[in-house]
J.: 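What follows is a structure written as structure tokens; I'll ask about it next.
Values in this document were obtained by computation on a predicted structure and should not be read as measured data.
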Amino acid sequence: MTHKPGYYSQFGGAFIPEILAATFEELCAAFEGAKADPTFWAEYERLMRSYSCRPTPITFAENLTRHFGGPRIYVKREDLNHTGAHKANNVMGQGLLVRRMGKRRVIAETGAGQHGVATATMAAKFGFECTIYMGEVDVERQRPNVFWMERLGAKVVPVTEGSRTLKDAINEAFRDWVSNMDTTHYVLGTACGPHPFPEMVAWFQSIIGSEARRQILEEAGQLPKRVYACVGGGSNAMGIFSGFFDEPGVELVGVEAGGLGLKTGQHAARLSGGDASVGVAQGYRTYFLQDEDGQMRETHSVAAGLDYVGVSPILSHYKDNGRVRFESATDAEVVEALALTVKKEGLIPALESSHAFAQAFKEAPSLGSDQVLLINQSGRGDKDIFTVADAFDDPAWKDFIKRKAAHYEAP
Ligand SMILES: *Cc1c(COP(=O)(O)O)cnc(C)c1O
């Protein structure tokens, strides 16, 4: 796909401080070594089988299919992974790589806390030291995740710089890395950042797509007409799409956070919103939501995991060459799609994943019953209880939730 390693047409690259150059070379070499060594992938598959329920199944959504009266709808069940989302695929893979490099300490950034919990879980399993950087504001908002990270043995460092949220946590994690390169690996959480992270994270997540391709042929007897995945940084989307890139008949649809609506500016639609521009930040070139001076804009989504200013450089490339179509779903559409899915199928998708369901539901009525749709359920929605109860606007639940939330927030 690319000529220069780490570039996807004009996107990607590795814009890193000189001091980290040797560390990135070491990481690239370890990654290339792992890719060339078939025993590495076999060990990865064995680990994921015994520790994280892989292969995750696909589920025929029979009632939703009947409800829309059109294509057969199938769901890839990444929610069944240990810790509740596809994030396990990436962190466990990087854990094996850290062991291969002979390092014994991992660090990570986290916003909503999901990637922090996944990384702390991996560190506990492998016996690594672990430090998680988290904006002070997010530490307050996510007490339950902080509780589990600490029980898992991680040190959670509240970041008090800047806006005290995700991007400040990323800066702090890079600062730590620069001082501790010899012992420490930075476990980046999605298919973004400097090379080799986008390619490496996408490689670990490709386990989703290779399973899904085999499973849909077995269960549905044909390839899907369309595959839907939500897009935050882009890792679950890259994961499931990778099973179908070589099939020109399969349409790939990435769904971003439309937030309060594209016209309000309160969204995280970088590839579907029409108002992002190409820039370099956080070590890589991609489409960012930024103003004319290159200042990053505030983004908004009901789903914390999609609330990010950048996006995978690999997906920016597929946006420009047209291989992936990008759409957005608003907060309101997403909550409605979630409610329907819970009621009809007994599945509880994460608010992030519900973006993919919402877009599939918009398109299903115009497709024939001879066709097949595949939706990636990237994670489970139990974590979203406060947000969803709030959105459903039920006064009795609202009061209960408010009291519970206050309880969690008290330090
Ligand atoms: C973190 C998260 C996402 C967004 O990350 P990607 O890298 O875009 O996949 C999506 N779904 C769930 C459930 C998540 O936890």
Side-chain angles (χ1 to χ4, degrees), residues 45 48-49 52-65 68 71-90 92-93 114 118 190-191 201-232 234-247 250-255 303 305-306 315 324 329 334 337-338 340-342 344-361 363-364 367 371-381:
E45 281 188 328
M48 295 312 285
R49 193 160 58 230
S52 196
C53 296
R54 300 216 75 92
T56 60
I58 58 169
T59 299
F60 176 42
E62 199 177 347
N63 302 323
L64 284 170
T65 295
F68 290 106
R72 278 179 287 156
I73 299 173
Y74 286 83
V75 179
K76 177 64 170 164
R77 301 292 306 283
E78 290 304 297
D79 58 307
L80 296 177
N81 275 291
H82 183 38
T83 70
H86 70 293
K87 288 187 167 70
N89 305 329
N90 173 39
M92 297 312 288
Q114 299 300 117
T190 185
V201 175
W203 185 56
F204 288 126
Q205 295 293 359
S206 74
I207 196 167
I208 305 173
S210 54
E211 286 175 9
R213 184 195 156 88
R214 177 169 44 76
Q215 290 166 325
I216 199 87
L217 286 172
E218 252 167 47
E219 300 284 327
Q222 66 190 80
L223 287 168
K225 172 75 180 157
R226 293 179 189 164
V227 179
Y228 298 87
C230 66
V231 180
S235 71
N236 87 90
M238 278 304 301
I240 194 154
F241 292 168
S242 69
F244 305 95
F245 276 128
D246 296 339
E247 295 290 347
V250 179
E251 285 178 56
L252 306 172
V253 185
V255 190
L306 304 189
L315 289 178
V324 180
V334 164
L338 168 64
L340 186 71
T341 306
V342 173
K344 289 281 175 199
E345 295 293 345
L347 298 175
I348 309 181
L351 280 165
E352 288 83 359
S353 323
S354 299
H355 285 69
F357 284 79
Q359 188 61 32
F361 296 170
E363 299 181 11
L367 291 170
Q371 289 172 326
V372 167
L373 299 186
L374 177 61
I375 303 171
N376 197 28
Q377 183 171 341
S378 53
R380 64 175 184 228

J.: Would you check if Phe204 and Met92 make a side-chain contact, meaning some heavy-atom pair closer than 4.5 Å?
T.: no

J.: For Ile73 versus Thr65, what's the shortest heavy-atom pair and its separation?
T.: N-OG1, 3.0 Å

J.: Between atom NZ of Lys87 and atom OG of Ser52, what is the distance when rounded to the nearest 0.5 Å?
T.: 13.0 Å

J.: Consider only side-chain N and O atoms of Tyr228 and Glu363, and report whether a donor and an acceptor are under 3.5 Å apart.
T.: yes

J.: Rounded to the nearest 0.5 Å, how far apart are CE of Met238 and CD1 of Ile208?
T.: 11.0 Å

J.: Ignoring hydrogens, what is the shortest heavy-atom contact between Ala303 and His355? Give both atom names and the distance.
T.: CB-CE1, 3.9 Å

J.: Would Arg54 and His82 count as a side-chain contact (heavy atoms from CB on, under 4.5 Å) if you check the C-alpha gap in whole Å, the side-chain angles of each, and the deciding distance to 0.1 Å?
T.: CA-CA 10 Å; Arg54 300 216 75 92; His82 183 38; over 6 Å; no

J.: Would you mind reporting whether Val324 and Phe245 have side-chain heavy atoms less than 4.5 Å apart?
T.: yes

J.: Return the minimal non-hydrogen interatomic distance between Cys230 and Ser378, and the atom names on each side.
T.: SG-OG, 3.7 Å

J.: Do the non-hydrogen side-chain atoms of Pro55 and Gln215 ever get within less than 4.5 Å of each other?
T.: yes

J.: Please check: side-chain N/O of Thr341 versus main-chain N/O of Leu347, any donor-acceptor pairing under 3.5 Å?
T.: no

J.: Check whether Gln377 reaches the backbone of Ser353 with its side chain - one donor and one acceptor, N or O, closer than 3.5 Å.
T.: no

J.: Is there a side-chain contact between Pro349 and Asp79 in this structure, where contact means two heavy atoms from C-beta onward sitting under 4.5 Å apart?
T.: no

J.: Supply the atom-to-atom distance Leu373 CG to Phe361 CZ, rounded to the nearest 0.5 angstrom.
T.: 10.0 Å

J.: Out of the candidates Asn236, Thr59, Thr56, Asn376, only one should pair with Lys76 under the side-chain hydrogen bond (donor to acceptor under 3.5 Å, both in side chains) rule; please name it.
T.: Thr56

J.: Do Arg72 and Gln222 pair up side chain to side chain, a donor and an acceptor below 3.5 Å, judged on atom types alone?
T.: yes

J.: Is there a side-chain contact between Glu247 and Arg213 (heavy atoms, below 4.5 Å)?
T.: yes

J.: Contact between Glu218 and Ile58 at the side-chain level, heavy atoms closer than 4.5 Å - yes or no?
T.: no

J.: Determine the minimum heavy-atom distance between Ser235 and Ala191, stating which atoms define it.
T.: CB-N, 3.9 Å

J.: Considering all heavy atoms of both residues, which atom of Gly234 and which atom of Thr190 are nearest to each other, and what is their separation?
T.: N-OG1, 3.5 Å

J.: Given Val372, which partner from the list Leu223, Ile216, Val250 fulfils the side chain to side chain contact (heavy atoms under 4.5 Å, CB included) test?
T.: Ile216

J.: Output the distance between atom CD1 (Ile240) and atom OG (Ser206), rounded to the nearest 0.5 Å.
T.: 12.0 Å

J.: Work out which heavy atom in Pro224 is nearest to a heavy atom in Val227; give both atom names and the distance.
T.: CG-CG2, 3.7 Å

J.: Can you tell if the side chain of Phe68 reaches within under 4.5 Å of the side chain of Leu367, non-hydrogen atoms only?
T.: no

J.: Does Asn81 reach the side chain of Met48, with side-chain heavy atoms less than 4.5 Å apart?
T.: yes

J.: Look at the side chain of Gln205 and the backbone N and O of His86, then say whether any donor-acceptor pair between them is shorter than 3.5 Å.
T.: yes

J.: Apply salt bridge (charged side-chain N to carboxylate O under 4.0 Å, His left out) to residues Lys344 and Glu62 and explain how you reach the verdict.
T.: CA-CA 9 Å; Lys344 289 281 175 199; Glu62 199 177 347; over 6 Å; no

J.: Whether the side chain of Gln359 engages the backbone of Val255 through a donor-acceptor N/O pair (distance < 3.5 Å, no angle test) should be reported.
T.: no

